[in-house]
Asker: 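Take this structure first; my questions come after.
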Amino acid sequence: MSRVVPDLYVWSMTLRSTLTQWLTGSEPADEGALHKINEAFASFSTEQRVEQATELLPGAHVLTSSFGAQAAVMLHLVNQVIPKIPVVLIDTGYLFPETYRFIDDLVGRLKLDLRVFRSDASPAWQESRFGKLWDQGLDGIERYNRINKQEPLDRALRELGAETWFAGLRRVQAETRAQIAPIEFKRGRYKVHPLFDWTDRDVGRYLETHRLPYHPLWEKGYLSIGDWHTTRSLAEVDSMEELRFFGLKRECGLHE
């Protein structure tokens with residue numbers, strides 16, 4: 001997993017000075033400077049990444065979660081360091097029944113401050129006007145994602161005044177995530193990935209140590225869990241890339 005850095009106080013002072021210069025300017029951190037910051041954060045323990053990001057990056061801070069297969073790790077970890085951090089869930093109205101029950105379980109178990117955001121147009125309204133967008137090829141899927149995921153997320157971040165948001169992306173999850181860094185600049189704000197270098201074994205150990213559950217569909221072969229109409233189990237596909245969106249794309253747009 002992550003390594004503890006000696007002289008953390010010195011690192012913090014250096015990072016604070018650099019970030020102060022960036023944040024008082026009109027532009028976010030340039031790529032070269034952000035690369036140096038990420039080199040430091042990569043050496044921190046996972047808890048230190050959350051602590052230092054909270055201290056050094058601007059508030060308000062939020063955590064986004066899809067309450068997917070291994071979501072309990074990120075929810076538990078960040079909520080331990082930042083109690084009652086707003087947890088943003090984008091509810092499309094098409095999540096699995098098991099997902100909604102999983103949400104209720106984790107909210108109660110971890111005492112989460114859940115904030116739910118949805119499209120202004122209900123699923124019934126959308127289907128009556130556009131049909132089943134997820135059955136209309138890549139263009140339909142991308143339109144569906146804009147309406148049900150991207151727009152609600154933009155609204156959530158705006159209404160919560162979020163300047164820094166935490167997400168549980170990991171490099172090993174997909175080719176589209178293989179190059180993610182500890183800190184990025186997305187959607188006009190800083191985005192932090194404390195688990196970016198975690199392996200599946202790291203996740204399993206954390207869940208076991210803290211007695212946290214996987215999503216209930218995990219044991220049925222659902223490794224990447226989104227909406228019921230565009231999520232498939234291992235038994236239903238020929239390759240990992242087909243687990244979501246019929247293999248037409250991997251990301252729903254929230255993290256692209």
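Please read these numbers as outputs of a predicted model, since none were measured by experiment.
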Asker: For a quick check under 3.5 Å, do Thr54 and Glu51 share a side-chain donor-acceptor pair by atom type?
Answerer: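 Side-chain D/A pair, Thr54 to Glu51: absent.
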Asker: Regarding Thr230 and Asp227, is there a side-chain donor-to-acceptor distance under 3.5 Å anywhere?
Answerer: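 No, no side-chain donor-acceptor contact under 3.5 Å.
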Asker: Please confirm whether the ring centroid of Tyr206 lies under 6.0 Å from the ring centroid of His76.
Answerer: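 Close enough - the centres of the two rings lie under 6.0 Å apart.
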Asker: Supply the atom-to-atom distance Leu75 CG to Leu106 CG, rounded to the nearest 0.5 angstrom.
Answerer: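 It is 6.0 Å, given to the nearest 0.5 Å.
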Asker: Does the side chain of Gln126 pick up a donor-acceptor pair with the side chain of Asn148 at under 3.5 Å?
Answerer: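 The answer is yes; a qualifying pair exists.
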Asker: Any side-chain heavy-atom pair from Arg101 and Phe96 closer than 4.5 angstrom?
Answerer: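 No, their side chains stay 4.5 Å or more apart.
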Asker: How about Tyr214 and Gln70: do any of their side-chain heavy atoms sit closer than 4.5 Å?
Answerer: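 Yes, side chains in contact.
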Asker: Check Phe102 against Gly68 and note the closest heavy-atom contact, atom names and distance.
Answerer: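 Looking at all heavy atoms of both residues, the closest pair is CE2-O, 3.5 Å.
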Asker: Locate the shortest heavy-atom distance separating Leu195 from Arg170; write the atom from each residue and the value.
Answerer: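 For Leu195 versus Arg170, the nearest heavy atoms are O-CG, 3.1 Å.
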Asker: Is Arg115 close to Leu160 at the side-chain level, that is, under 4.5 Å between some pair of heavy atoms?
Answerer: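 Leu160 reaches Arg115 side chain to side chain.
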Asker: So, Tyr144 versus His229, ring centres under 6.0 angstrom or not?
Answerer: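 That pair passes the under 6.0 Å test.
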Asker: Please set out all donor-acceptor pairs under 3.5 angstrom arising from side-chain atoms of residues 79-89, sequence neighbours excluded.
Answerer:
from	atom 1	to	atom 2	distance (Å)
Asn79	OD1	Lys84	N	3.2
Asn79	ND2	Leu110	O	3.0
Lys84	NZ	Lys111	O	3.1

Asker: Enumerate, atom names and distances included, each donor-acceptor pair closer than 3.5 Å involving a side-chain atom of residues 131-142, sequence neighbours excluded.
Answerer:
from	atom 1	to	atom 2	distance (Å)
Gln136	NE2	Phe130	O	2.7
Gln136	NE2	Lys132	O	3.4

Asker: Which atom pair, heavy atoms only, marks the closest approach of Pro213 to Ala72?
Answerer: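 Pro213 and Ala72 have their closest heavy atoms at O-CB, 3.5 Å.
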Asker: How close do Arg189 and Arg158 get, counting heavy atoms only, and between which atoms?
Answerer: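 Smallest heavy-atom distance, with atoms named: NH2-N, 4.4 Å.
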Asker: Would a line drawn from the ring center of Phe41 to the ring center of Phe196 be shorter than 6.0 Å?
Answerer: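 Distance test on ring centres: not under 6.0 Å, no.
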Asker: Taking atom OG of Ser233 and atom CH2 of Trp218, what is their separation to the nearest 0.5 Å?
Answerer: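 Those atoms lie 13.0 Å apart.
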Asker: Run Asp200 and Arg205 through salt bridge (charged side-chain N to carboxylate O under 4.0 Å, His left out) and show every step you take.
Answerer: CA-CA 9 Å; Asp200 291 337; Arg205 286 173 176 167; over 6 Å; no
Asker: Mind checking the OG-CE spacing from Ser224 to Met240? Nearest 0.5 Å is all I need.
Answerer: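 It is 8.5 Å, given to the nearest 0.5 Å.
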Asker: Taking the side chain as every heavy atom from C-beta outward, state whether Phe67 and Asp91 have any pair of such atoms under 4.5 Å apart.
Answerer: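 Phe67 vs Asp91: side chains apart.
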Asker: Partners of Arg171 by salt bridge (charged side-chain N to carboxylate O under 4.0 Å, His left out), sequence neighbours excluded?
Answerer: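 By the salt bridge (charged side-chain N to carboxylate O under 4.0 Å, His left out) rule, Arg171 matches no residue at all.
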Asker: Between Trp198 and Thr46, do the side chains contain an N or O donor and an N or O acceptor separated by less than 3.5 Å?
Answerer: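 Side chains of Trp198 and Thr46: pair found under 3.5 Å.
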Asker: To the closest 0.5 Å, what do you measure between CG (Leu157) and NZ (Lys191)?
Answerer: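 The NZ atom of Lys191 is 10.5 Å from CG of Leu157, to the nearest 0.5 Å.
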Asker: Looking at NE2 of His215 and OG of Ser66, how far apart are the two atoms once the value is rounded to the nearest 0.5 Å?
Answerer: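 Taking NE2 in His215 and OG in Ser66, the distance rounds to 8.5 Å.
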Asker: Mind checking whether Thr231 and Leu217 have side chains closer than 4.5 Å, heavy atoms only?
Answerer: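 Not in contact.
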Asker: Do His61 and Phe166 come close enough that some side-chain heavy atom pair is under 4.5 Å?
Answerer: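 Side-chain contact under 4.5 Å: yes.
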